[in-house]
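Everything quoted here is computed from the prediction, not taken from an experiment. Throughout, a chain's letter reflects where its sequence line sits, starting with A, and its residues are numbered from 1.
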Protein chains: 2
Amino acid sequence: MAGKTVSLKVLAAHLGLTVSTVSRALNDYADISPVTRDRVRKAADELGYSANQNARRLSIGTPETVCYLMPRQIGANVQPFVAQLLAGLGEALNDRNWDLLVSQAETSVGDMTSIERLVRSGRVAGIVISRPLKNDPRIKLLQQLGCPFVVHGRTANSVDYAWYDVDGEDAFVTAINHLERLGHRRIGFIGAPLQYQFAQERLDGYTRGVAHNGLSQDPDLVQIAEFTDDGGTAAAGVLMDLPNPPTAIVCVSDMMALGALEALHARSLTPGEDVSVIGYDGLYFGKHANPPLTTLAQPQAHAGRRLGDILLSIIDGADPIKFQELQRAHLVQRMTDGPANVDAGQEDVSVREEPQ
Amino acid sequence: MAGKTVSLKVLAAHLGLTVSTVSRALNDYADISPVTRDRVRKAADELGYSANQNARRLSIGTPETVCYLMPRQIGANVQPFVAQLLAGLGEALNDRNWDLLVSQAETSVGDMTSIERLVRSGRVAGIVISRPLKNDPRIKLLQQLGCPFVVHGRTANSVDYAWYDVDGEDAFVTAINHLERLGHRRIGFIGAPLQYQFAQERLDGYTRGVAHNGLSQDPDLVQIAEFTDDGGTAAAGVLMDLPNPPTAIVCVSDMMALGALEALHARSLTPGEDVSVIGYDGLYFGKHANPPLTTLAQPQAHAGRRLGDILLSIIDGADPIKFQELQRAHLVQRMTDGPANVDAGQEDVSVREEPQ
DNA sequence: AAAACTTCCGAAACCGATTTCGGTTGCTTT
DNA sequence: AAAGCAACCGAAATCGGTTTCGGAAGTTTT
């Protein structure tokens, strides 16, 4: 049971049949008698036969494999969502016994050449890409190659391909509305470089929410920084050192929000009391932040599964533009949102509600 | 340039050569004249030819692919290290143009059958598995199958296969020594279920460190709980409600340590002052915990790269038992370790050193 | 100028499956 | 009993490459 790999040929010899008969028996062809079919099945089990996939896929003409293109690290950042996404993707593929390949390139031109090779060499039948740029060249390439794909996120012009995204703009409108109800009139925004579409969307949401509620549109309230916790710290520092600092800050990511909290601590301001902070991502760790971070959570577990299903549908011939799914983020209230404190910037801890 | 896939045959026809000549030209055979070689190369580029990998690998007899077996979620836990590990693995494989497959199974018997299929169907030339059980059946299976593999972590008996691990036992001795120097005499241990070998190792380190330093060996100081933050909270609760609670706690993971911090807060104890807490993993997020978590960090980025290199060496024929690499964890001091406070359990915030 | 080498390329087997097509059996029709 | 019809299986082509082997040119040796 250990030794040599058992091919269709040796299995056939073992049974006194030909390879074609054995193959058809294993693949449930109608012209094989039930008794030989069962006999073949049994022998295959005993000998531990499993069809060579390279041969099989060469023959049937599809690699039965899709590829997830891992996003490069942005900054020194980890990507905690990758594991969950892969789990969901794998689940969708497992139902068909397809394989999941992961690929990553150092550079963005590396991405381009590696996509082209993956497709041209017949290794993958479809590709999932994450976190596209505003105008992402990979999408045009995939379209030119005629390779089925689905995007986790969107680009600026997202009409002619399949994507699954969380509505960042809507989420930020929600956040602004929430803060407005808490009495905030000057709300700061900490953003990421606008080459990423998600960064633009969330800024759009902020802008719309602020305008819609008639809040301050002071351009100084918008701070773009490096997409890391340190970036968040720096941006929050700028905001709080403004002559007229905001009473609340929304951040494009939890990581940046965590950084922002540090800036508040450094100024002896209490998040959620002196200044409200809302992050984005719903990272589990935010629960243990100081204080626990209020955030806009996305249903990550679901994303992988859906991306897989969508991609398989497209490979099966469905029209890509039928798959443009927008999920809503939902507000997870923890401890960093609270009523506006108009004295922010001055120490005023008398309004704390928590006992002890 | 978009349309049909260009095979060796059409490339040969385009050039007026035979497939065998073209193939040998592309593979640098000596019996092809430099001029035709260059001519072939150029045409291949222009037509965007890329050898079909299923055909190629069938022919050369190796899948040129390795598989990473994703660990199942333990508890409701995320696995932030997976992305980094995959990045390192991919890097090692990229050097040879090999592919990286990821696979995951719901159950542990699912793991067994999926390993067997992956190997028997010739899809992978080697496998990486993470976080083995004390006595992990997957290892025996892989050995029986004759499939090259390397383990990220170790089992109880780890003499006859390749592994890469961080020395959890040594790390916990280090932690205990550190706490002893800070004056702690009663140190609690929050562990995970001992079916995982890493859980046993870290407990062993704790036991050895405590014995070596002549500290309290009260069995009540050892608490095993679910491998989640809530498990950590529960275990820390038990410890602190002891008649004679510890002045410090070491935890088998950062996640459990974060949970432990919650238990301390609930009792109005200040981590790092009233009770010291040391985690394990070096999660980046610990930096933003309340307060920032002191931890034993492991060099995760390195792990993937090494695992990939080791596996490739074994596939090349190297002896697996030559690759048994033990990395050291190092203490990252943040804010949750401090001098022993013998009044722990009673509220005493007068010794805080931090201003404001 | 014939023999002996090189140099370079084509023919064909092979990797391990799938799938079409055709040909035996054995059994039912008249 | 001859013809017709299922049911069942084998032969062979095919997928797209790699690799061995042999042979036709062109060059050098005698």
**OP:** To the nearest Å, give me how far apart CZ (Arg37(A)) and P (dC9(D)) are.
**Re:** 11 Å
Subject >> Interatomic distance, Leu311(B) atom CG to His152(B) atom NE2 [nearest 0.5 angstrom] >> reply: 13.5 Å
Original post:
What one-letter contact string describes nucleotides 23-28 of chain D from 5' to 3', where B marks a base within less than 4.0 Å of any protein heavy atom, S marks contact via sugar-phosphate atoms alone, and - marks no contact?
Top reply: ------
I'd like a table of atom pairs between the protein and nucleotides 17-21 of chain C - only N or O on both sides, under 3.5 Å - with the distance next to each one.
residue, atom, partner, partner atom, Å
dA17(C), OP1, Tyr49(A), OH, 3.2
dA17(C), OP1, Asn52(A), N, 2.7
dA17(C), OP2, Leu8(A), N, 2.4
dA17(C), O5', Tyr49(A), OH, 3.4
dT18(C), OP1, Asn27(A), ND2, 3.3
dT18(C), OP2, Ser23(A), OG, 2.5
dT18(C), O4', Ser59(A), OG, 2.7
dT19(C), OP2, Tyr29(A), OH, 3.0

Original post:
So, Gln324(B) side chain and Ser158(B) main chain: donor-acceptor pair closer than 3.5 Å or not?
Top reply: yes
Subject >> Listed partners of His302(B) passing side chain to side chain donor-acceptor pair (under 3.5 Å), at least two apart >> reply: Tyr164(B)
Original post:
Looking only at atom types and distance, does a side-chain atom of Asn52(A) sit under 3.5 Å from a main-chain N or O of Ala55(A), one as donor and one as acceptor?
Top reply: yes
Original post:
How do Leu58(B) and Ile32(B) order along DNA chain C: which one's closest nucleotide is nearer the 5' end?
Top reply: Ile32(B)
**OP:** To the nearest Å, give me how far apart CG (Asp28(B)) and C1' (dC8(C)) are.
**Re:** 15 Å
Subject >> Ala125(B): side chain to side chain contact (heavy atoms under 4.5 Å, CB included) partners, not counting sequence neighbours >> reply: Thr62(B), Pro63(B), Trp98(B), Ile315(B)
Original post:
Are Thr21(A) and Thr18(A) linked by a side-chain donor-acceptor pair shorter than 3.5 Å?
Top reply: yes
Subject >> Heavy-atom closest contact (Leu326(A) atom, Val166(A) atom, distance) >> reply: CD1-C, 4.1 Å
Original post:
Between Arg117(B) and Asn97(A), is any side-chain donor less than 3.5 angstrom from a side-chain acceptor?
Top reply: yes
Subject >> Axis-to-axis angle between the two ends of the helix from dA1(C)-dT30(D) to dT30(C)-dA1(D) (five base pairs per end, rounded to 10 degrees) >> reply: 60°
**OP:** Report the residues that fulfil side chain to side chain contact (heavy atoms under 4.5 Å, CB included) with Asp31(A), sequence neighbours left out, ordered by chain and then residue number.
**Re:** Arg24(A), Tyr29(A)
Original post:
Are Tyr49(A) and Ser7(A) linked by a side-chain donor-acceptor pair shorter than 3.5 Å?
Top reply: no
Original post:
Taking atom C1' of dG16(C) as reference, at what distance in whole Å does atom CG of Asn54(B) sit?
Top reply: 12 Å
